[in-house]
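Throughout, a chain's letter reflects where its sequence line sits, starting with A, and its residues are numbered from 1.
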Number of protein chains: 2
Amino acid sequence: MHRGTILDLPKRHTGDVQSPCAACTVRDLSICSVLDPAHVKCLTDIVSDVSISPGQSVFYEGDPAEHLFVLRDGCARVCKVLADGRRMITGFFFPSDIIGLAEDVTYAYSCEAVTRLSLCQFPRKELQDLFVEHPVLEQRILRVATNELAAAQDQMVLLGRKTASEKLASFLLLLSSRAGRRRARQDELFLPMSRNDIGDHLGLTTESVSRCFTRLRKQGIISLDAAHTIRILDRDRLLVLSGSGDYEIEPSVAAL
Amino acid sequence: MHRGTILDLPKRHTGDVQSPCAACTVRDLSICSVLDPAHVKCLTDIVSDVSISPGQSVFYEGDPAEHLFVLRDGCARVCKVLADGRRMITGFFFPSDIIGLAEDVTYAYSCEAVTRLSLCQFPRKELQDLFVEHPVLEQRILRVATNELAAAQDQMVLLGRKTASEKLASFLLLLSSRAGRRRARQDELFLPMSRNDIGDHLGLTTESVSRCFTRLRKQGIISLDAAHTIRILDRDRLLVLSGSGDYEIEPSVAAL
DNA sequence: CGGGACTTTGAGCAAATTCAACCATTGTGG
DNA sequence: CCACAATGGTTGAATTTGCTCAAAGTCCCG
């Protein structure tokens, strides 16, 4: 993983023909994939590498929305906070995800590092200019946005109409499926975020999350190898428990 | 309002130079606005007028996503249903809203008429073709999508972290603000949807919604002129009650 | 090995739900 | 034109789910 040399340099790359993207592990998953190798250079021309320590913010709610990010490594959380401090995590980002979609002049949420992050930072303005030459880029962004919209609607169903156990089951299955998309193991999940983070994402308290984990473990549906590593032992039952079971089982998924 | 003659014709318009859009009341609010009058014809060439009766579906979850709609008149609800029948309404659509954004080949939700609907129906495929010639159209769609994404995140905060009263207060303020955008009265709100619909949108039961309405009325914050017509009497207190109060008060809004 | 942060577990509580009854509005048929 | 059924809305009492508060346990890191 000799990518390390680039990661910690927060300076701009220009005219680097043997681009750092060539070695990028998420290149074929994220926006860059829509450009053929010959054109990726126009992206590398405007990209900066950014690295963020756990707990630090990539940006805050209300900051001018100047950049778009591609998460290359790590896990980030999207937070919105009410006046009295109640917090909601509207989502988590994993490698290949695009961070910072916003139409407004400011970000509508904060983005914080759960683990150390490595990000590609694109100035929104210059990216916009590239859209003219490469409309395929904008199309890709639109696809990402509509996919996020669909995910947001699923999350609303979860928040508004599912029980605590169903929420946790759904969350675990979603993470598992996203891990699969990144070609990681789907049965052994690494959960970098705290129980508190999970609670703020599912509309529950830390304690409720913990109790639901315990219940799933006692039912033999998952095992808790460590606080942040769980193993899915009975995917079918987890699916039924998630409340979306029964008719949302695609054969391809159910077969696993 | 001599638009009526067109509204009930579910047939395609072709080569109609004096386009129906000329008289459209939402034209300057929706996607059409991004094209100068000379180019609107390319939209009228592919549009169909559709009219839907209350309770009927525009499309169902799982239907092939063949069309994009612009709501010209009426109110629609977006529904997702769990296997056991629990329903979530992820949003309501009002005139000028775009319906049917989806990247998938099928719709991820159903869209049902709350009141009688008049819609412009665009075949997704042909619209896609127009994007090449008029990239400004795609840009507009992207803007709409990211705006919806921001709204979805606000709704997640509401669902996951607000109390029943805060939910209802937030909902009323949101509807009021959207009415304002359509240049309708902001203090006297017409709520076409049922208490049950509101409950399914806020993650509450019909009874809880009703109780919260009663409480707001008894506190003198709103008046219930009819079951579907409410008047906002004390906007400031409603704002504080919505939980987003205090620091989300924009001067322009607070001044009203 | 010790300290701090995070997690788990327990007991009591409260907000919202469920269940049930009643009320209001509307539309229909006699 | 009125009676009445049907639908939707409101109100009340009992229940439950998940929350709050409290304490003990665990893990990680220096």
Side-chain angles (χ1 to χ4, degrees), chain A residues 53-55 75 77 82 84-89 114-116 158-171 190-219 222-230 241 243, chain B residues 53-55 75 77 82 84-89 112 114-115 158-171 190-219 222-230 241 243:
Chain A
S53 324
C75 172
R77 58 177 177 247
L82 291 175
D84 63 358
R86 278 173 289 176
R87 186 181 69 156
M88 184 76 198
I89 295 180
V114 174
T115 65
R116 170 160 288 273
L158 179 150
L159 291 168
R161 284 288 174 251
K162 290 189 180 179
T163 65
S165 300
E166 288 172 339
K167 286 177 176 181
L168 186 61
S170 305
F171 177 65
F190 176 58
L191 305 174
M193 68 292 288
S194 68
R195 297 289 189 264
N196 192 21
D197 284 349
I198 297 174
D200 281 348
H201 181 51
L202 302 180
L204 299 171
T205 58
T206 313
E207 296 93 326
S208 291
V209 172
S210 182
R211 277 186 253 273
C212 288
F213 266 117
T214 306
R215 204 176 314 154
L216 286 179
R217 183 174 52 72
K218 285 186 176 162
Q219 293 175 301
I222 63 169
S223 71
L224 292 162
D225 302 356
H228 292 277
T229 311
I230 71 130
L241 251 180
Chain B
S53 325
C75 172
R77 58 177 178 249
L82 292 175
D84 63 358
R86 278 173 289 175
R87 185 181 70 155
M88 184 75 199
I89 294 179
E112 301 167 4
V114 174
T115 64
L158 179 151
L159 291 168
R161 283 290 174 250
K162 290 190 180 179
T163 65
S165 300
E166 289 171 339
K167 286 176 177 181
L168 187 60
S170 306
F171 176 65
F190 175 58
L191 305 175
M193 67 293 289
S194 69
R195 297 289 188 266
N196 192 19
D197 283 350
I198 297 174
D200 281 348
H201 181 51
L202 302 180
L204 299 170
T205 57
T206 312
E207 296 93 327
S208 292
V209 172
S210 182
R211 277 184 251 271
C212 289
F213 266 117
T214 307
R215 205 177 314 153
L216 286 179
R217 183 174 50 72
K218 286 185 176 163
Q219 292 174 304
I222 62 169
S223 71
L224 292 163
D225 303 356
H228 293 278
T229 311
I230 72 129
L241 249 179

> Which part of the nucleic acid does B:G203 contact within heavy-atom distance under 4.0 Å: base, sugar-phosphate only, or nothing?
Replying inline: sugar-phosphate

>> Just to be sure I understand the rule, does A:S194 reach a base, reach only the sugar-phosphate, or reach nothing, if contact means heavy atoms closer than 4.0 Å?
In response: sugar-phosphate

Between atom [atom1] in [X] and atom [atom2] in [N], what is the gap in whole Å?
X	N	atom1	atom2	answer
A:D200	C:dC6	CG	P	13 Å
A:D197	C:dC6	CG	P	9 Å
A:E207	C:dG10	CD	C1'	11 Å
A:I222	C:dT8	CD1	C1'	14 Å
B:R86	C:dT17	CZ	P	13 Å
B:L168	C:dA16	CG	P	12 Å

> Pick the nucleotide of DNA chain D nearest each of A:A164 and B:K218; which residue has the one closer to the 5' end?
Replying inline: B:K218

> Pick the nucleotide of DNA chain D nearest each of A:K162 and B:A227; which residue has the one closer to the 5' end?
Replying inline: B:A227

>> Distance under 4.0 Å to a non-hydrogen atom of chain B counts as contact; along DNA chain D, which nucleotides mark the start and end?
In response: D:dG9 to D:dA13

>> From C-beta outward on B:T163, which listed nucleotide comes closest to its side chain: C:dG10, C:dA16, C:dT7?
In response: C:dA16

